[in-house]
Amino acid sequence: HQRMKSVAESIASSMGGSCNFEIKKGYPFLINDPELTEELIQAATDYLGKENVEELEIWMAAEDFAFYSQIMPASFYRLGVRNEEKGIVSPVHTTTFDIDEDALKIGMGLMAWLTISQLA
């Protein structure tokens with residue numbers, strides 16, 4: 001952060017100006033513990049079947065779960081709640097967002113299964 005501030009101030013100064021540079025710190029980065037994540041992927045595959053477990057690309061987003069991952073091994077996953085056959089297709093953070101409530105049963109079962117697999 002100090003280097004970014006220094007560069008911005010140097011550029012402004014070189015052109016006869018000045019700048020106010022402020023960095024607002026927000027959420028920390030999310031850490032998916034590699035070993036735990038692999039164990040959970042295997043357990044999820046055992047529970048849901050290989051065709052229902054998909055590894056996602058890394059993306060830039062703010063997530064409050066990240067605070068947990070700073071202090072203990074963690075693995076963040078997303079539960080699919082879309083169902084095209086029922087017309088439930090809108091993305092999150094839209095006025096038409098909805099979920100297939102059958103996903104709630106699947107999600108609760110998965111969470112229990114992941115917990116049991118870690119306790120075994």
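Atoms considered below: every heavy atom in the structure, side chains included; atoms not considered: hydrogens, waters and symmetry mates. What you see is a predicted model; the values in this text were computed from it and never measured.
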Review point. Is it true that atom CD of E101 has more than 12 heavy atoms of other residues, nucleotides or ligands lying nearer than 6.0 Å?
Key: no

Study note, to complete from the structure: CG (D33) and OG (S69) are apart, to the nearest 0.5 Å, by 10.0 Å

**Study point:** N/O donor-acceptor pair under 3.5 Å between T45 side chain and I41 backbone
**Key:** yes

**Study point:** Path from V92 to V81 over hydrophobic side-chain contacts below 4.5 Å
**Key:** yes

Practice item. Please report the shortest heavy-atom distance between W59 and E57, naming the atom on each side. Key: CE3-O, 3.4 Å

Check your understanding: Do K25 and H1 have side-chain heavy atoms sitting under 4.5 Å apart?
Key -> yes

Check your understanding: Quick one: CG on N32 to CD on E55, what's the gap to the nearest 0.5 Å?
Key -> 10.0 Å

Practice item. Please report the closest heavy-atom contact between P28 and A66, naming both atoms and the distance. Key: O-CB, 3.3 Å

Review point. Between W113 and A44, is there a donor-acceptor pair closer than 3.5 Å when you use the side chain of the first and the backbone of the second?
Key: no

Practice item. Using a cut-off of 6.0 Å, state whether more than 12 heavy atoms not belonging to E51 lie near its atom CD. Key: yes

Review point. Around I23, counting heavy atoms of other residues, nucleotides and ligands shown, do more than 12 lie under 6.0 Å from its CD1?
Key: yes

Practice item. Check whether any side-chain heavy atom of R82 sits under 4.5 Å from a side-chain heavy atom of D100, and report yes or no. Key: no

Practice item. Determine the minimum heavy-atom distance between T94 and P91, stating which atoms define it. Key: OG1-O, 2.7 Å

Check your understanding: Side-chain heavy atoms under 4.5 angstrom apart, residues restricted to Ile, Leu, Val, Met, Phe, Trp, Tyr: same cluster for L48 and L36?
Key -> yes

**Study point:** Same cluster (ILVMFWY, side-chain, under 4.5 Å), L40 and I116
**Key:** no

Review point. If you take all heavy atoms of Y47 and G109, which pair is closest and at what distance?
Key: OH-CA, 3.2 Å

Exercise for review: Go through the steps to decide whether L56 and E54 satisfy the test side-chain contact (heavy atoms from CB on, under 4.5 Å), and finish with yes or no.
Suggested key: CA-CA 6 Å; L56 302 175; E54 179 181 344; 3.8 Å; yes

Exercise for review: Please answer: with hydrophobic residues joined when any side-chain heavy atoms are less than 4.5 Å apart, are L79 and L30 in the same cluster?
Suggested key: no

Practice item. Quick one: do D102 and K105 satisfy side-chain contact (heavy atoms from CB on, under 4.5 Å)? Show the steps, please. Key: CA-CA 6 Å; D102 290 336; K105 295 177 204 170; 4.0 Å; yes

Point to revise | OG on S75 to CD on Q118, rounded to 0.5 Å | key: 9.0 Å

Exercise for review: Please round to the nearest 0.5 Å and tell me the distance separating atom CD of E9 and atom CZ of F21.
Suggested key: 8.5 Å

Check your understanding: Is any side-chain N of the basic residue among E84 and K86 closer than 4.0 Å to the acidic one's carboxylate O?
Key -> no

Check your understanding: Going from NZ on K5 to CG on N20, what distance comes out if it is rounded to the nearest 0.5 angstrom?
Key -> 9.0 Å

Review point. Going from OG on S117 to CD on E39, what distance comes out if it is rounded to the nearest 0.5 angstrom?
Key: 7.5 Å

Practice item. Examine I31 and Y27 and state if one hydrophobic cluster contains both, with Ile, Leu, Val, Met, Phe, Trp and Tyr joined whenever side-chain heavy atoms are less than 4.5 Å apart. Key: no

Practice item. Could you tell me whether M4 atom CE has more than 12 heavy atoms of other residues or ligands within 6.0 Å of it? Key: yes

**Study point:** More than 12 heavy atoms from other groups under 6.0 Å of OH on Y77
**Key:** yes

Check your understanding: Is there a donor-acceptor pair closer than 3.5 Å between any side-chain N or O of S6 and the backbone N or O of Q2?
Key -> no

